[in-house]
Asks: 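One structure, pasted below without further comment.
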Amino acid sequence: MVGRTLAHYRIVEKLGEGGMGVVYKARDAHLGRYAALKLLLPDKVADPERKRRFVQEAKAASSLNHPNIVTIYDIASEDGIDFIAMEFVPGKTLDQLIPRKGMRLNEVLQYAVQMADALAAAHEAGIVHRDLKPGNVMVSDKGLVKVVDFGLAKLMEPRLPVSAATVTLESAPKTVEGAIVGTVAYMSPEQTEGKPVDARSDIFSFGSMLYEMVTGQRPFRRGSTESTLAAIQHEEPPALDVNSPHDLDVLITRCLRKASERRWQAMADLKVALQDLKEETDSGKLMAPKAARPVRRLLSPILFAGLTVILVGAAVGVFWRMRPGVDTGADTGVEAATVVPLTSFPTLEQHPSLSPDGNQVAFSWNGPEGSNFDIYVKQVDGPGLARLTTDPASDANPAWSPDGKWIAFTRADSGIVLISPIGGPERKLVSTVSRPSWTPDSQSLVFTGDAPPGRARAVVLLSLATGIRKPLTAPPKDYWGDASPAISPDGQLLAFTRSPG
């Protein structure tokens, strides 16, 4: 094909080849510029479905006007060869740029923000890409990202007013349910099963790309297509390197959740989160790596207990001197306390619980519409917000385990539930709805148990490993019972309230 002319495009060199066709660099004789020609050869045009996708690619991409989406110049047929003439991007595909051990963080975020912006525009226009992979992302010599190959795009009803994109694409026949299309390694779980997909499928694929950009490895790569599909459906990817920022780990984990309703729900929201991370990275304020541990883990139990007493005593002293009506004197050096909000969302946020390292806060929020309480996790000094639960029942009283690995919470009419602070499967512990409190070793929970017949409520210890419950208190049977348990940092003392009625 090199040296041949199609319409007014003279083919200069071959650029690459994919499942939908061969791409050449060509010279536009009319406008004196280079273009990329994507061709389907005659033997492939014989497949009506393949040709339909090929034409659909041109129409879908040409309906979008965005700086990070490749520009389509023309679609034509010459001498029995169907081709698309599109913008030529001097540079490399993203898969050619990802090194074996992953890219630098600033590069990851620089490219990811541009890709997210492009996909947000496509989704706003009602177009799902459905074949996101590093090979379908071009990066110019100046670092400009261009998303290409909308050949497997599928229309969905636009959910938002179109602003960044103009829709001219008419409805096309939908892919038959049950047929798998796309590139296996980056498919979403619902796509591997041939189920209908929406923008959240692109978000899963985007998360797979982010993971590969950070680590240099595909998150679900296995030895065969079958095992790769099984991994996408049932397995979690290996954890990111301990030096990766915790905020980025949480963001990628949320992209790769198996259930689409538990992922980011809109690419526009994901783009904003990535922009925030990029700004923090550029300014040097990005949160510490997830492996960072609070200083107290480096201290002996005795020294930690002593420091706890000193700190609590200091806090009580400051509080006492700050009370209204207490004269602090002119020479005490005690300044007025400053209240700093951790959240500023509409409606109601309640029951805050700080992570052991103090970097995150878990809380219960009834959402922007005030409709239902769920558990959320937010960075104390950052914008990242993750929704952990979506059950229609109200969730409340989150309690962070001392090792930072779990959050226990209560669900109305259900009981005490356990979940990871980065999301994932829930584990129901007991049917009792009572605010939980952790033991210092993170191996057990204490809470107020249900009252046995003829007895009062007692504080109960629950072992997470064995599920065995052990009563810790014995209130008189004519009392209401004991509640609000809290264990001392050394695990030796239990505080609780006892109510006669």
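When reading the values below, keep in mind they use all heavy atoms of this one structure, side chains included, and skip hydrogens, waters and symmetry mates. Count residues from 1 along the sequence. Quick caveat, the model's predicted, so the values are computed rather than measured.
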Asks: With rounding to the nearest 0.5 angstrom, report the NE2 to CG distance, His351 to Asp395.
Replies: 11.5 Å
Asks: Does a sphere of radius 6.0 Å around CG in Asp413 hold more than 12 heavy atoms from other residues, nucleotides or ligands, not counting ones at 6.0 Å or beyond?
Replies: no
Asks: Any side-chain heavy-atom pair from Asn359 and Val380 closer than 4.5 angstrom?
Replies: no
Asks: Carefully, step by step, assess Trp400 and Leu354 under the rule side-chain contact (heavy atoms from CB on, under 4.5 Å).
Replies: CA-CA 7 Å; Trp400 217 298; Leu354 284 171; over 6 Å; no
Asks: Would Lys25 pass as a cation-pi partner of Tyr34, given that its NZ or CZ must be under 6.0 Å from the six-membered ring centre and within 45 degrees of the axis?
Replies: yes
Asks: Whether the side chain of Lys278 engages the backbone of Val108 through a donor-acceptor N/O pair (distance < 3.5 Å, no angle test) should be reported.
Replies: no
Asks: Under the 3.5 angstrom rule, does the side chain of Gln191 hit a backbone N or O of Arg130 as a donor-acceptor pair?
Replies: yes
Asks: For the side chain of Lys146 and the backbone of Pro67, is there at least one donor-acceptor N/O pair under 3.5 Å apart?
Replies: yes
Asks: Please give me the minimum heavy-atom distance between Ala116 and Met267, naming the atom from each residue.
Replies: O-CG, 3.3 Å
Asks: Could you tell me which non-hydrogen atom of Leu388 sits nearest to which non-hydrogen atom of Ile422, and how far apart they are?
Replies: CD2-C, 4.3 Å
Asks: Under 3.5 Å, is there a donor on one side chain and an acceptor on the other for Thr389 and Asp391?
Replies: no
Asks: Can you tell me if Lys428 has over 12 outside heavy atoms packed within less than 6.0 Å of its NZ?
Replies: yes
Asks: Under a 4.0 Å threshold between the charged nitrogen and the carboxylate oxygen, would Arg411 count as salt-bridged to Glu426?
Replies: yes
Asks: Hey, does the side chain of Trp365 reach the backbone of Pro346 with a donor-acceptor pair shorter than 3.5 angstrom?
Replies: yes
Asks: Would you compute the distance between atom CD of Gln275 and atom CG of Leu270 and round it to the nearest 0.5 angstrom?
Replies: 10.0 Å
Asks: Compare every heavy atom of Thr448 with every heavy atom of Ala483, then report the nearest pair and how far apart it is.
Replies: CA-OG1, 3.1 Å
Asks: Taking side-chain contact (heavy atoms from CB on, under 4.5 Å) as the criterion, tell me which of Asp276, Asp282, Leu274 meets it with Leu109.
Replies: Leu274
Asks: Check Ile98 against Gly216 and note the closest heavy-atom contact, atom names and distance.
Replies: CG2-CA, 4.0 Å
Asks: Check whether more than 12 heavy atoms from other residues, nucleotides or ligands sit under 6.0 Å from atom CZ of Arg218, and answer yes or no.
Replies: yes
Asks: Distance from Leu94 atom CG to Met213 atom CE, nearest 0.5 Å?
Replies: 5.0 Å
Asks: Going from CE on Met187 to NZ on Lys133, what distance comes out if it is rounded to the nearest 0.5 angstrom?
Replies: 10.0 Å
Asks: Which is it for Ile416 and Leu462 under the side-chain contact (heavy atoms from CB on, under 4.5 Å) test, yes or no, and what are the steps along the way?
Replies: CA-CA 11 Å; Ile416 299 175; Leu462 171 70; over 6 Å; no
Asks: So, do Phe447 and Thr410 sit near enough that their side-chain heavy atoms are less than 4.5 Å apart?
Replies: no
Asks: Is there a donor in the side chain of Asn106 and an acceptor in the side chain of Thr281, or the other way round, less than 3.5 Å apart?
Replies: no
Asks: Does Lys378 reach the side chain of Leu342, with side-chain heavy atoms less than 4.5 Å apart?
Replies: no
Asks: Count the heavy atoms of every other residue, nucleotide or ligand shown that sit under 6.0 Å from CD of Glu261, and state whether that count exceeds 12.
Replies: yes
Asks: Can we say Glu190 and Arg263 salt-bridge, meaning some charged N sits less than 4.0 Å from an Asp/Glu carboxylate O?
Replies: yes
Asks: Is there a side-chain contact (heavy atoms from CB on, under 4.5 Å) between Ser208 and Phe220? Walk through the geometry before answering.
Replies: CA-CA 8 Å; Ser208 295; Phe220 303 105; 4.1 Å; yes
Asks: If you take all heavy atoms of Pro368 and Thr347, which pair is closest and at what distance?
Replies: O-CG2, 3.7 Å
Asks: Glu87 and Thr71: side-chain donor and acceptor closer than 3.5 Å?
Replies: yes
Asks: Looking at Tyr376 and Gly367, would you say the former's side chain and the latter's main chain have a donor-acceptor pair under 3.5 Å?
Replies: no
Asks: In terms of side-chain geometry, is the basic nitrogen of Asp149 or Lys38 positioned less than 4.0 Å from the acidic oxygen of its partner?
Replies: yes
Asks: Considering all heavy atoms of both residues, which atom of Arg257 and which atom of Gly424 are nearest to each other, and what is their separation?
Replies: NE-N, 4.3 Å
Asks: Under a 4.5 Å cut-off applied to non-hydrogen side-chain atoms, are Gln350 and Phe373 in contact?
Replies: yes
Asks: If we only count heavy atoms from C-beta on, is the Pro245 to Leu105 side-chain gap below 4.5 Å?
Replies: yes
Asks: Please report the interatomic distance CD1(Ile487) to CH2(Trp438), rounded to the nearest 0.5 Å.
Replies: 11.5 Å
Asks: Is there a donor-acceptor contact under 3.5 Å from the side chain of Trp264 to the main chain of Lys271?
Replies: no
Asks: Can you tell if the side chain of Asp374 reaches within under 4.5 Å of the side chain of Ser364, non-hydrogen atoms only?
Replies: no
Asks: Is the backbone of Ile468 close enough, under 3.5 Å, to the side chain of Thr466 for a donor and an acceptor to pair up by distance?
Replies: yes
Asks: Nearest 0.5 angstrom please: Trp406 CH2 to Leu464 CG, how far?
Replies: 9.0 Å
Asks: Should Met209 and Met115 be marked as a side-chain contact (heavy atoms from CB on, under 4.5 Å) after you check the CA-CA gap, both sets of side-chain angles, and the distance that decides it?
Replies: CA-CA 10 Å; Met209 293 170 60; Met115 288 188 289; 3.6 Å; yes
Asks: Are Val22 and Leu37 side-chain neighbours, meaning at least one heavy-atom pair lies under 4.5 Å?
Replies: no
Asks: So, Asp202 versus His123: side-chain donor-acceptor pair below 3.5 Å or not?
Replies: yes
Asks: Is the closest side-chain heavy-atom distance between Phe204 and Leu132 below 4.5 Å?
Replies: no
Asks: Give a yes or no answer on whether the side chain of Glu124 reaches the backbone of Ala268 with a donor-acceptor pair at less than 3.5 Å.
Replies: no
